[in-house]
Every structure is written in structure tokens, then in C-alpha cells.
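Below: one structure, written as C-alpha cells.
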Amino acid sequence: MSTLFATGGAEPGDVALLGDATRGDLDAFATLYRRHQQRVFRFARAMTGSNDAAEDITQEVFVVLLTDAGRFDPARAAFTTYVYGIVRNMSRHRVRRERPAVPVDDLMRDGRDIDVDEDPSRLVEGAELAGAVRRALLALPSRYRELIVLCDLHDLSYEDAAAVVGASVPAVRSRLHKGRQLLRLRLARVRDAHQISGEYRQVRCPA
Amino acid sequence: MPGVTPIRPDDVRSARAWAAFVADDAAATAPPSLEARIMRAAQTALAQQRVEAERKRRQWFTGLSAIAAGLLAAATWSLAPSGSTHSRVKTPADAARAATIPESPVTAPAGSSAQVIDEPAGRPVPMMNIEAGRVMATPPLLASRPLFDHADGAGPVGAPGDLRAKSYGAPLVGPIAIAVKHDVPMAAPADHTSPTPLPLTATPGVLAGTAPEVWSSRAKPVFDAEGGEIAPPAPIIRLDTTAPATTREDPPAPPK
């Protein structure tokens with residue numbers, strides 16, 4: 001059962017809010033924005049690797065939701081799937097348009113407050129590790145990157161991811177497997193580049 | 001050792017990196033200023049959408065009213081009692097009048113092959129092309145020709161291209177040959193009213209009088225009909241006689 005379709009209790013609320021927003025109710029639009037802004041922003045940020053691009057895409061997505069609300073058909077897909085599809089298309093368009101200028105380093109200094117109680121060395125190490133994964137993820141082709149982000153970061157099911165990217169479930173499985181392999185290879189390259197070495201050790205775990 | 005899978009520290013490090021990446025992604029949120037920005041953009045988009053919808057609605061109504069006005073004008077024009085002779089529907093009274101009043105063809109003047117038919121005075125009738133050309137070339141005639149039909153007000157007089165079988169107040173004039181200056185004088189036109197047809201066999205005298213047999217102004221004409229030149233007959237090839245085949249000359253042998 002699709003996770004997005006399983007949340008059917010919230011979907012009519014989204015559709016009703018969208019209808020009110022298109023009739024000029026800005027409060028309904030604000031409610032809709034607060035309900036979906038984080039997943040829209042996170043998906044766009046993971047796809048583009050830039051906070052600024054993610055903000056622009058978030059704005060465009062909500063404006064398109066408001067102006068082209070007639071395109072949404074509740075019989076075809078859930079509202080969240082529809083929103084993810086818009087974000088995906090806009091992110092791909094943005095990345096294609098600004099391919100050489102995808103900044104990654106600005107993600108490390110995105111203005112979030114730093115917890116002073118935390119160990120600074122662990123903060124730096126965590127930022128480095130997250131940056132390494134993000135660089136490896138951005139180096140992947142978009143057809144693999146979007147599925148890794150949707151299924152492994154946003155916890156979408158295969159069916160929902162297939163509805164977002166417009167592919168079959170077996171194709172999603174295949175692409176996801178290939179994408180994870182590629183991501184592992186890229187991470188290994190990043191490790192080699194940073195001269196990270198260690199010793200082999202054996203850990204008991206179920207085969 | 002069975003049941004034990006070796007895990008490299010790289011894998012552990014990858015898992016930690018992935019966990020750090022997931023934590024970083026989960027903590028990401030849009031800045032608070034983005035909401036105000038998006039609300040302003042939404043208001044602007046809604047306003048533009050309303051303006052665009054209003055413009056499209058006005059455009060649609062304008063087009064629809066133009067079509068309706070055109071249809072109304074066409075219907076009014078076609079239903080008017082003094083409508084065009086082409087579109088006027090014949091009423092039974094018209095049919096009865098046409099049956100009681102026989103047409104009286106009038107012989108056209110000499111030089112004209114058309115018949116002149118009287119028409120009740122009223123709206124002008126369409127002209128033939130040649131008439132239109134004559135009217136256009138003659139200012140007094142052009143001035144006397146009404147450009148618009150007085151019967152229905154604004155309807156123009158029928159197009160000159162409309163064919164009809166009657167003249168417009170003047171005998172039809174057939175096309176005449178226009179004599180232009182040439183080196184060779186124009187031959188007299190054949191007399192079509194000649195009671196005795198010419199014999200079918202062409203005589204040199206008749207041929208000489210009908211048309212100048214000058215096809216080219218070159219020093220050496222291409223063709224001279226009076227010269228009596230006859231193309232040489234094609235050689236007769238008899239298949240029953242075995243003529244010796246012409247032997248093809250062998251190319252000279254290359255020097256050894």
C-alpha cells in the first residue's frame with residue numbers, strides 16, 4: 001500500500017486548501033505552504049545542492065500550485081506525489097540550466113545555529129562527512145539521485161517514487177540499486193582522495 | 001568463519017557519513033523570510049491571473065459579438081426585398097410574371113454577337129469583363145456608373161467578373177485586333193463571312209496571303225515554309241538482306 005495514498009485523511013484537506021487558495025484565500029495558501037514547505041525545500045536542496053536554488057524552486061513550486069491548480073487530478077495521484085513531481089521537474093530544469101555552477105560549500109554554512117554544547121571536532125567531522133556524501137550524491141546522474149533522495153531520505157515507497165518519476169516499480173528498484181552502488185563507489189573515491197586509511201576488523205553480524 | 005561477515009572500517013565510516021548526511025538533511029528547513037516572499041509572489045500571481053482571465057473574457061466577447069454582427073448583417077442583407085439579383089429568392093409572383101411576359105430578344109447591332117435583353121429599370125446589372133474595361137477606360141462612362149447600389153444603400157454594384165448574357169446600355173463590342181508596329185505588316189483577318197469556304201487543299205497563293213511565313217529574324221532562318229525544303233528520307237533498312245556489318249576498328253595494340 002502506498003504510503004502517500006495511505007495518508008488519505010490529510011489529502012482531502014490539501015485539495016480543499018488548494019481550492020480555497022485558488023479562489024483567493026491566502027490563509028489557506030499559507031496553511032498549505034507550512035504543511036509542505038519542508039519536504040519541498042529538502043527535496044530541492046538535495047537535488048540541486050544549493051540553498052539559494054532550493055529557495056527559488058520552493059517559491060516557483062508554490063506559485064505554480066496556485067496558478068495551475070487545474071492540472072492536479074486527485075484521481076491520478078496524491079497531492080504529495082503531485083508536489084514532488086513539480087519539484088523534481090523544476091530541479092532537473094534548474095540543474096540542467098546551471099550545471100557548472102552548483103555550489104556545494106554553501107551548504108556547510110547555511111546559517112543554522114551551532115550547538116555550542118556539542119563537541120566542535122564532532123561537528124566538523126559530521127559536516128565533512130555530510131559534505132562528502134552530498135558531493136557524491138550530486139555527482140550521480142539525476143535519475144539515480146532523485147530515487148535515492150526520495151526513497152532513502154524522504155522514505156517514500158517504491159510505488160510513490162514510481163509515481164513521482166513516472167516509471168514502473170521494477171524500474172525504480174533497478175535504478176535505486178544501481179544508484180546505491182554508484183554512490184558507494186563515489187564515496188570510496190572521496191575516501192581515497194582524503195587519504196583515509198584504517199584496519200580491517202571483523203564484526204559479528206547475521207549473514 | 002561461517003555466519004560472520006567482515007565489515008571494513010570504510011563501511012562503518014560510510015554509515016557514519018550517511019547518518020551525518022541524513023541528519024543534516026533533516027535539519028534543513030526553509031528560511032522564515034521565504035514564506036513572506038512566497039506570499040507576495042502568490043498575491044502577484046493571483047492578480048496577474050485575474051487580469052489575464054478578464055482580458056481573455058473580453059477578447060472572447062468581442063470576437064463573439066463581431067461574429068454575431070456579421071451574421072446579422074448578412075441575414076439582413078439577404079432578407080431585404082431589394083436584395084441582390086443573385087441572392088433573391090424567386091417568389092411565385094415572380095415566376096408567374098416570368099411566365100406571362102415572354103422574353104423579347106433584340107438583335108444586336110452589327111459586329112456584336114450578344115443578345116440584348118430588356119430588364120426592368122432599377123438596380124444596375126453586373127458587367128462583363130470587357131464592358132468593365134471599357135467603362136474604366138472611359139471617364140464619362142465611369143462617372144455615370146454608380147459605384148454603390150442605391151436600392152440597398154451600401155451594397156456595391158455586382159462585380160465585373162460576373163458573367164451575364166446581356167449588355168449594359170450599349171452594344172457589346174467584340175475583341176478586335178490591335179494593330180501594332182512591326183517590321184512585318186499585320187495580315188488581314190480572314191473573312192469569316194465568306195459564303196464559299198476555302199478548299200481544304202492548301203494552295204501556295206492562299207498560304208502566302210494568310211500569314212507571313214517568317215518565323216525568325218535571323219540571317220539564316222530556322223525554317224522556311226516556302227523554300228520547299230524537305231527533310232531527307234530516312235534510309236530504308238531491309239532486314240532480309242544481310243549487309244556486311246561494319247567492322248569496328250580495333251584499338252592499336254600497346255607496344256610490347
Side-chain angles (χ1 to χ4, degrees), chain A residues 21-24 26 29-30 33-34 37-38 40-42 44-46 51 54-55 58-67 107-108 110-112 122 125-134 136-137 149 152-154 183-184 187-188 190-191 196-207, chain B residues 1-69 71:
Chain A
T22 53
R23 284 187 286 274
L26 287 179
F29 181 70
Y33 168 77
R34 290 184 197 115
Q37 58 93 12
Q38 193 185 13
V40 170
F41 181 79
R42 281 175 56 209
R45 181 173 177 262
N51 281 330
E55 289 180 17
T58 304
Q59 175 177 336
E60 291 175 14
V61 165
F62 280 97
V63 170
V64 165
L65 271 179
L66 190 63
T67 54
L107 295 171
M108 301 298 153
D110 55 355
R112 278 184 286 146
R122 290 194 62 184
E125 186 187 7
E128 283 183 356
L129 291 174
V133 175
R134 192 174 299 280
L137 190 64
V149 171
D152 293 340
L153 283 181
H154 291 244
L183 182 62
R184 191 173 294 125
L187 278 175
V190 170
R191 271 199 312 271
I196 298 172
S197 62
E199 295 180 355
Y200 283 82
R201 62 179 177 177
Q202 291 185 342
V203 178
R204 181 178 291 276
C205 67
Chain B
M1 184 184 296
V4 173
T5 302
I7 295 180
R8 298 177 300 176
D10 290 349
D11 294 335
V12 177
R13 190 167 177 82
S14 297
R16 285 178 55 201
W18 180 256
F21 171 67
V22 170
D24 176 73
D25 180 76
T29 179
S33 61
L34 185 60
E35 181 174 351
R37 203 173 97 187
I38 289 179
M39 296 305 288
R40 283 197 301 272
Q43 281 181 334
T44 307
L46 276 180
Q48 286 180 352
Q49 203 174 19
R50 283 179 191 147
V51 169
E52 184 70 15
E54 184 66 24
R55 190 185 65 81
K56 281 186 180 176
R57 195 165 49 195
R58 283 184 185 172
Q59 197 173 5
W60 189 80
F61 275 118
T62 304
L64 195 64
S65 56
I67 292 173
L71 288 175

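Here is how names work: the chains are called A, B, and so on, in the same order as the sequence lines, proteins then strands, and each is numbered from 1. All values below were derived from every heavy atom in this structure, side-chain atoms included, with hydrogens, water molecules and symmetry-related copies excluded.
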Notebook entry, point to check: So do the side chains of D152(A) and W18(B) get within less than 4.5 Å of each other, counting heavy atoms only?
Noted result: yes
Next item on the list: Considering non-hydrogen atoms only, spot the tightest contact between F29(A) and A42(B) and give its length.
Entry: CE2-CB, 3.4 Å
Notebook entry, point to check: What distance do I38(B) atom CD1 and Q37(A) atom CD have between them, rounded to the nearest 0.5 Å?
Noted result: 8.0 Å
Margin query: I need the R37(B) CZ to T58(A) OG1 distance, nearest 0.5 Å.
Written below: 8.5 Å
Next item on the list: List the atom of P31(B), the atom of E55(A), and the distance in Å for their closest heavy-atom pair.
Entry: CG-OE2, 3.0 Å
Next item on the list: Apply salt bridge (charged side-chain N to carboxylate O under 4.0 Å, His left out) to D24(B) and R45(A), showing your working.
Entry: CA-CA 11 Å; D24(B) 176 73; R45(A) 181 173 177 262; 3.4 Å; yes
Notebook entry, point to check: Roughly how far apart are E35(B) CD and Q59(A) CD, rounded to 0.5 Å?
Noted result: 12.5 Å
Next item on the list: Rounded to the nearest 0.5 Å, what's the gap from OG1 on T29(B) to CD on Q38(A)? Could you check?
Entry: 5.0 Å
Margin query: Could you measure the distance from the CG atom of L34(B) to the OH atom of Y33(A)? Nearest 0.5 Å is fine.
Written below: 4.0 Å
Check: What part of L137(A) is in contact with chain B, defined as an atom under 4.5 angstrom from a non-hydrogen atom: side chain, backbone, both or neither?
Finding: side chain
Check: Contact part of Q49(B) toward chain A, heavy-atom cut-off under 4.5 Å: side chain, backbone, both or neither?
Finding: side chain
Notebook entry, point to check: Is chain B contacted by the side chain of A44(A), its backbone, both, or neither, given a heavy-atom distance below 4.5 Å?
Noted result: neither
Next item on the list: Could you grab the distance from atom CD of E52(B) to atom OG1 of T67(A), nearest 0.5 Å is fine?
Entry: 12.0 Å
Next item on the list: Would you indicate whether the side-chain heavy atoms of L26(A) and L46(B) approach each other to under 4.5 Å?
Entry: yes
Check: Closest heavy-atom contact between A41(B) and V63(A)?
Finding: CB-CG2, 3.8 Å
